[in-house]
Amino acid sequence: MDKTVRILSVDGGGIRGILPATFLSVLEDRLREKSGNESFKLADAFDMIAGTSTGGLLTCIYLTPDDANPLVSKYTARQALEFYFGYGGSVFAPDEHGGFHKYSTTGLISGLDNFFGNLKLSQLIKPSCITAYDMMRSEACLFLSHKAISDPRSNYYVKDVARATSALPGIFPPATVYSLGDTKHTFIDGSIFAYNPALQAYLAAKTISPNARNFMLLSLGTGLLATAYTPEQLEDTSEGNWARLLADIAFSAHSDVVHYQLEELFMAKPGSTYIRLQPPLQGLNREMDNTSEENVHALYKAGLEFVSSNEKTILEIVNSMYPDN
């Protein structure tokens with residue numbers, strides 16, 4: 001039987017990363033129970049993990065190697081979820097100097113350093129596909145851990161990768177970092193071209209496994225943004241209002257286009273499975289940077305409700321990975 005290449009992809013979305021992180025925490029629990037392996041981690045279930053922005057951060061956490069065994073994951077999916085509870089408020093620390101970018105990077109850099117230390121991209125336990133945009137070269141960048149193993153120019157400290165993929169203009173300033181080949185880059189958030197990185201992940205996985213016939217791609221969003229704008233919003237000609245509207249439209253449109261493209265691709269692959277899950281945002285604060293205790297707990301509660309509404313899908317995923325247990 002042909003091996004199925006399993007891919008996990010998580011969208012950008014700031015603090016709303018709590019939604020997919022909650023889902024994946026529960027999925028890990030179910031997979032651990034089904035496998036009968038008490039030390040099972042989420043990364044054990046996938047051959048590649050991909051993410052943009054908050055999804056890129058989760059990717060780095062899931063793929064961090066254990067201190068005692070570099071071949072297994074250090075953190076559980078629950079610990080990845082707890083990053084938002086433990087660091088959310090300090091990550092989004094207002095920039096006292098003002099300007100276009102809303103937040104200082106002091107809290108973010110401190111949190112990333114605590115989690116990753118001097119871990120290198122090449123040391124991640126599975127292939128990664130994390131997005132950023134290189135301002136100095138005007139080109140999209142994919143942080144691919146399998147390439148980093150053999151090419152120092154593609155290798156970076158993981159804390160710098162997480163910083164780069166999180167540098168959303170208007171939220172955090174660009175990230176100027178150096179590869180381990182000593183090349184200088186200035187990155188902004190990969191949401192600029194891959195808010196939903198699932199297509200990039202699929203193509204990267206095909207490059208790694210060119211002879212694979214069957215793929216399973218689980219793509220998770222951070223909240224459905226599509227909405228009808230009010231006449232008042234459309235009549236507001238302020239720069240701030242239209243910057244927000246255009247960002248919302250661009251992120252939503254990109255996510256939808258990628259979804260439709262992948263649906264078409266997987267329809268032509270009868271032995272493969274594509275699952276796209278997008279939690280609703282009704283009744284929730286849609287801002288990416290609202291780290292108030294009230295909002296964080298509301299997002300976590302919504303994440304649990306998202307799990308409940310997708311119990312059948314979770315069961316199908318678990319049974320497809322461990323059909324004989």
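All values derive from a computational prediction rather than experimental measurement.
Dense packing is recorded around CD of Glu316, with more than 12 heavy atoms of other residues, nucleotides or ligands lying under 6.0 Å away. The neighbour count for Arg153 CZ, taken as heavy atoms of other residues, nucleotides or ligands under 6.0 Å away, does not exceed 12. Within a 6.0 Å sphere centred on NZ of Lys301, other residues, nucleotides and ligands contribute 12 heavy atoms or fewer. Within 6.0 Å of the CD atom in Glu139, the count of heavy atoms belonging to other residues, nucleotides or ligands exceeds 12.
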message = Show, in sequence, the C-alpha distance, side-chain angles and deciding distance for Gln261 and Leu199, and conclude whether the side-chain contact (heavy atoms from CB on, under 4.5 Å) test is met.
response = CA-CA 8 Å; Gln261 289 173 326; Leu199 182 58; 3.4 Å; yes

request  = Could you go through the side-chain contact (heavy atoms from CB on, under 4.5 Å) check for Arg6 and Met48 one step at a time?
outcome  = CA-CA 7 Å; Arg6 298 189 174 97; Met48 167 176 279; over 6 Å; no

task = List the steps, then state whether side-chain contact (heavy atoms from CB on, under 4.5 Å) holds for Leu180 with Lys120.
result = CA-CA 9 Å; Leu180 297 186; Lys120 300 170 185 175; 3.6 Å; yes

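In the hydrophobic clustering of this structure, Leu304 groups with Ile314; members are Ile, Leu, Val, Met, Phe, Trp, Tyr whose side-chain heavy atoms approach within less than 4.5 Å, directly or through other members. Residues Phe187 and Leu124 fall within the same hydrophobic cluster, defined by Ile, Leu, Val, Met, Phe, Trp and Tyr side chains chained together at heavy-atom separations under 4.5 Å. Note on Ile275: it does not cluster hydrophobically with Leu265, by side-chain heavy-atom contacts below 4.5 Å among ILVMFWY residues. Under the 4.5 Å side-chain contact rule for hydrophobic residues, Ile171 and Ile15 share a cluster.
Leu168 has its side chain within reach of Met288: a pair of non-hydrogen atoms, C-beta onward, lies under 4.5 Å apart. In this structure, Asp66 and Ser73 have side chains that are not in contact, with every pair of non-hydrogen atoms separated by 4.5 Å or more. At least one side-chain heavy atom of Leu218 sits less than 4.5 Å from a side-chain heavy atom of Leu27. A heavy-atom distance below 4.5 Å is found between the side chains of Ile61 and Phe116. Contact annotation: the side chain of Leu42 never approaches that of Thr76 to less than 4.5 Å [non-hydrogen atoms, C-beta and beyond]. Between Asp29 and Arg32, some side-chain heavy-atom pair lies under the 4.5 Å cut-off. Side-chain atoms of Val72 and Pro65, non-hydrogen and from C-beta on, never get closer than 4.5 Å to each other. Counting heavy atoms from C-beta on, the side chains of Ile317 and Thr273 never come closer than 4.5 Å.
For the pair Lys159 and Tyr157, the cation sits on the ring face: its NZ or CZ lies under 6.0 Å from the ring centre, inside 45° of the axis.
Checking each of Ile49, Leu19, Leu24, Thr59 against Val10 for a side-chain contact (heavy atoms from CB on, under 4.5 Å) leaves exactly one that passes, namely Leu24. For the ring-ring contact (aromatic ring centres under 6.0 Å, His included) criterion with His185, the lone passing option out of Tyr178, Phe143, Tyr156 is Tyr156. Here the options are Asp67, Ile125, Leu119, the test is side-chain contact (heavy atoms from CB on, under 4.5 Å), and the partner is Lys74; only Asp67 passes.
Nearest approach of Ala198 to Ser219, heavy atoms of both residues: CB-OG, 3.7 Å. Of all the heavy atoms in Pro127 and Ser145, the pair that sits closest is CA-OG, 3.2 Å. The nearest pair of heavy atoms linking Gly17 to Leu58 is O-CD1, 4.2 Å. For the residue pair Leu281 and Gly223, the shortest heavy atom distance occurs at CG-CA, 3.6 Å. Between Tyr62 and Ala21, the shortest heavy-atom distance links the atoms OH-CA, 4.1 Å. Considering every non-hydrogen atom in both Gly12 and Ser191, the closest pair reads CA-OG, 4.5 Å.
Ring orientation note: the planes of Tyr103 and Phe172 are tilted relative to one another, at an angle of 30° to 60°. Note: Phe40 and Tyr322 have perpendicular aromatic rings, judged against thresholds of 30 and 60 degrees for the angle between ring planes.
Using a 4.0 Å cut-off between a side-chain N of Lys or Arg and a carboxylate O of Asp or Glu, Arg276 and Asp256 do not qualify as a salt bridge. By the 4.0 Å N-to-carboxylate-O rule, Asp44 lies too far from Lys41 to be salt-bridged with it. Taking 4.0 Å as the cut-off between side-chain N and carboxylate O, Glu311 and Arg30 count as a salt-bridged pair.
Side chains of Thr52 and Thr131: a donor on one and an acceptor on the other come within 3.5 Å. Inspection of the Asn155 and Ser122 side chains reveals an N or O donor paired with an N or O acceptor under 3.5 Å. If you check the side chains of Ser53 and Thr165, you find no donor sitting under 3.5 Å from an acceptor.
Remark: side-chain polar atoms of Asn285 are not paired, donor with acceptor, to backbone N or O of Asn295 under 3.5 angstrom. Judged by distance alone, the side chain of Asn290 and the main-chain N or O of Ser292 form a donor-acceptor pair under 3.5 Å. Side-chain atoms of Ser166 come within 3.5 Å of backbone atoms of Ala162 as a donor-acceptor pair (strictly under, hydrogens ignored).
In this structure, the ring of Tyr202 has its center less than 6.0 angstrom from the ring center of Phe266. Taking the six-membered ring where the residue is Trp, the centroids of Phe215 and Tyr274 are separated by 6.0 Å or more.
Cluster partners of Ile192, by chain and number: Tyr133, Met135, Leu142, Leu144, Ile188, Phe193. The rule joins Ile, Leu, Val, Met, Phe, Trp and Tyr whenever side-chain heavy atoms lie under 4.5 Å apart.
Among residue pairs with one or both ends in residues 46-58, those qualifying as salt bridge (charged side-chain N to carboxylate O under 4.0 Å, His left out) are Lys3-Asp47; sequence neighbours excluded.
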Name the atoms and distances for all side-chain donor-acceptor pairs under 3.5 Å in residues 84-91, with sequence neighbours left out.
unit_1: Tyr84; atom_1: OH; unit_2: Thr54; atom_2: OG1; d: 2.5
unit_1: Ser90; atom_1: OG; unit_2: Tyr87; atom_2: O; d: 3.0

